[in-house]
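Notes for the one structure printed next.
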Amino acid sequence: MNKQWLEFLRLRGANISDSGVADFGDPVSERKAVMHGSIMTDLSHLGLIRISGDDAANFLQNQLSNDVRRVDAGHSQLNSYCSPKGRMLTVFRLFMMNGDYYLRAPAGLIDAIIKRLGIFVLMSKVKLEDASDELLRMGVAGPGTSALLAEHFKDIPTDTASAVEACGAKVLQVPGNERFEIYAPPVTLQSLWERFETTLAPVGIDAWPLLDILNGIPNVYPETSEHFIPQMANLQLIDGVSFKKGCYPGQEVVARMQYLGKLKRSMYRVQSSGNYIPQPGTEVVSNSDGKTHEAGEIVDARALPDGGYTALAVLQTASIDQTLELKDQPGSALQLADLPYSLS
């Protein structure tokens with residue numbers, strides 16, 4: 001994480017943790033702002049890999065689950081990187097800036113992704129670099145943020161997955177209510193933060209993952225790396241995988257599941273009134289006929305402003321009509337909640 005950037009935020013009231021900005025002094029009010037207001041947040045918990053070189057496009061096309069040819073200066077993309085068994089090592093957003101590709105993923109996976117991709121570079125003209133300290137990241141979301149961005153940029157993204165590059169920054173629109181990610185060098189991002197802080201509520205690290213959960217967008221963390229094939233996390237429903245692009249690691253498994261198999265697990269959103277916030281990978285069990293059965297696991301979970309939490313969980317479809325709870329928290333009933341898209 002960029003120490004200069006974190007010190008800039010600390011002087012503006014941020015409480016800094018090992019993962020980034022924990023909060024700005026009032027976590028409950030900040031969660032309410034995420035749910036009902038307009039916010040801005042540091043995205044230092046997300047790392048960044050720059051992929052450059054003459055062969056970068058072909059290299060990525062042969063490694064990733066989605067069709068990289070659809071990524072250009074005006075479009076970003078949800079994507080994943082799979083093992084040969086079709087299990088996702090990570091889910092990420094891919095975009096271009098200044099002619100190079102950038103892969104944005106949880107910071108804890110950046111080194112592993114670079115190492116794994118690096119095995120396949122061979123003689124290709126491709127360079128992989130951790131760009132997390134060079135190109136900083138912030139998110140803005142909520143009513144009025146489109147108009148606010150329009151005051152500072154000549155153009156702004158107009159639909160989900162669209163992108164613009166202006167004034168030394170890259171702006172991506174991502175799923176959610178007027179939700180944008182901004183990438184820029186430190187000086188530029190500091191200037192934008194100062195402009196926006198009189199209008200938007202600064203909030204801590206949980207804001208962006210909470211919005212991902214509400215919008216049904218999965219994140220894969222070190223605890224769940226290689227646990228799910230793309231369809232288990234609904235990537236086929238949110239334009240995160242292509243079934244026409246050709247070969248990549250795990251492609252045969254992913255394609256076989258799509259065309260020949262029967263998907264027995266899908267990702268659902270759940271809520272609980274419990275105060276214990278489960279970590280990624282926490283086991284979920286179902287209770288039927290007086291017996292406990294394995295049902296799935298938590299993808300991600302975040303606290304809600306009025307107590308309890310909401311989570312994404314990959315669950316066996318046969319278990320969703322049964323009583324669900326965390327294996328290590330008996331009695332912690334999980335209730336199904338709405339996703340913004342249909343699973344059918």
Any donor-acceptor pair under 3.5 Å linking the side chain of [X] with the backbone of [Y]?
X: T145; Y: G142; result: yes
X: K154; Y: A166; result: no
X: Q61; Y: V68; result: yes
X: K170; Y: M96; result: yes
X: Q173; Y: D159; result: yes
X: N234; Y: L237; result: no
X: E226; Y: M88; result: no
X: E178; Y: S146; result: yes
X: R93; Y: A161; result: no
X: N215; Y: I217; result: no

Can you find a pair of side-chain heavy atoms, one from [X] and one from [Y], that are under 4.5 Å apart?
X: L43; Y: E181; answer: yes
X: L326; Y: L334; answer: yes
X: V21; Y: S44; answer: no
X: L128; Y: V126; answer: yes
X: I39; Y: P202; answer: no
X: K3; Y: D133; answer: no
X: P185; Y: L135; answer: yes

Under 4.5 Å between side-chain heavy atoms, hopping through other hydrophobics if needed: is there a path connecting [X] to [Y]?
X: L6; Y: L189; answer: yes
X: L211; Y: V140; answer: no
X: L343; Y: I238; answer: yes
X: M257; Y: V220; answer: yes
X: L9; Y: V203; answer: no

Holding to side chain to side chain donor-acceptor pair (under 3.5 Å), I want the full list of residues that pass it with [X], two or more places apart in sequence or in another chain.
X: S52; value: none
X: N98; value: none
X: Q329; value: none

Starting at [atom1] of [X], measure out to [atom2] of [Y] and round the result to the nearest 0.5 Å.
X: S83; Y: I229; atom1: OG; atom2: CD1; answer: 10.5 Å
X: L60; Y: Y248; atom1: CG; atom2: OH; answer: 14.5 Å
X: M40; Y: L192; atom1: CE; atom2: CG; answer: 10.0 Å
X: C247; Y: E252; atom1: SG; atom2: CD; answer: 7.0 Å
X: N287; Y: E325; atom1: CG; atom2: CD; answer: 4.5 Å
X: D306; Y: S273; atom1: CG; atom2: OG; answer: 12.5 Å

Worksheet entry | Pairs where residues 111-128 contributes a residue and the test side-chain hydrogen bond (donor to acceptor under 3.5 Å, both in side chains) is met, not counting sequence neighbours |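 Checked against side-chain hydrogen bond (donor to acceptor under 3.5 Å, both in side chains) - neighbours excluded - no pair reaches residues 111-128.
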Are [X] and [Y] linked by a side-chain donor-acceptor pair shorter than 3.5 Å?
X: Q4; Y: N2; result: no
X: S272; Y: S332; result: no
X: N66; Y: S80; result: no
X: Y309; Y: N275; result: no

Give me the atom names and distance for the closest heavy-atom approach of [X] to [Y].
X: R179; Y: A141; value: CG-CB, 3.9 Å
X: V299; Y: N219; value: CG1-O, 3.3 Å
X: M267; Y: L339; value: O-CD1, 3.6 Å
X: D67; Y: S242; value: N-CB, 3.8 Å
X: D23; Y: G25; value: OD1-N, 2.8 Å
X: L235; Y: P218; value: CD1-CG, 3.6 Å

So which pairs with a foot in [range] pass ring-ring contact (aromatic ring centres under 6.0 Å, His included), sequence neighbours left out?
range: residues 204-237; result: none
range: residues 78-101; result: F95-Y102, F95-Y183
range: residues 110-151; result: none
range: residues 127-178; result: H152-F196

Worksheet entry | Partner residues of D42 under the salt bridge (Lys or Arg N to Asp or Glu O under 4.0 Å) criterion, sequence neighbours left out |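 Checked D42 against salt bridge (Lys or Arg N to Asp or Glu O under 4.0 Å); zero matches.
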Worksheet entry | Any residue meeting salt bridge (Lys or Arg N to Asp or Glu O under 4.0 Å) with R12, in chain and number order, not counting sequence neighbours |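 Testing R12 for salt bridge (Lys or Arg N to Asp or Glu O under 4.0 Å), a comparison that skips the adjacent residues, returns E194, E197.
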Discussion item. Can you list everything that forms a side chain to side chain contact (heavy atoms under 4.5 Å, CB included) with Q316? Sequence neighbours excluded, please.
Written reply: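 R265, E294, S319.
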Worksheet entry | Test side chain to side chain contact (heavy atoms under 4.5 Å, CB included) applied to Q236 - qualifying residues, sequence neighbours left out |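 Q236: side chain to side chain contact (heavy atoms under 4.5 Å, CB included) contacts with Q231, V241, F243, Q258, L263.
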Worksheet item: Among H45, R31, R302, which one satisfies side chain to side chain donor-acceptor pair (under 3.5 Å) with D206?
Response: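 Result for side chain to side chain donor-acceptor pair (under 3.5 Å) with D206: R302.
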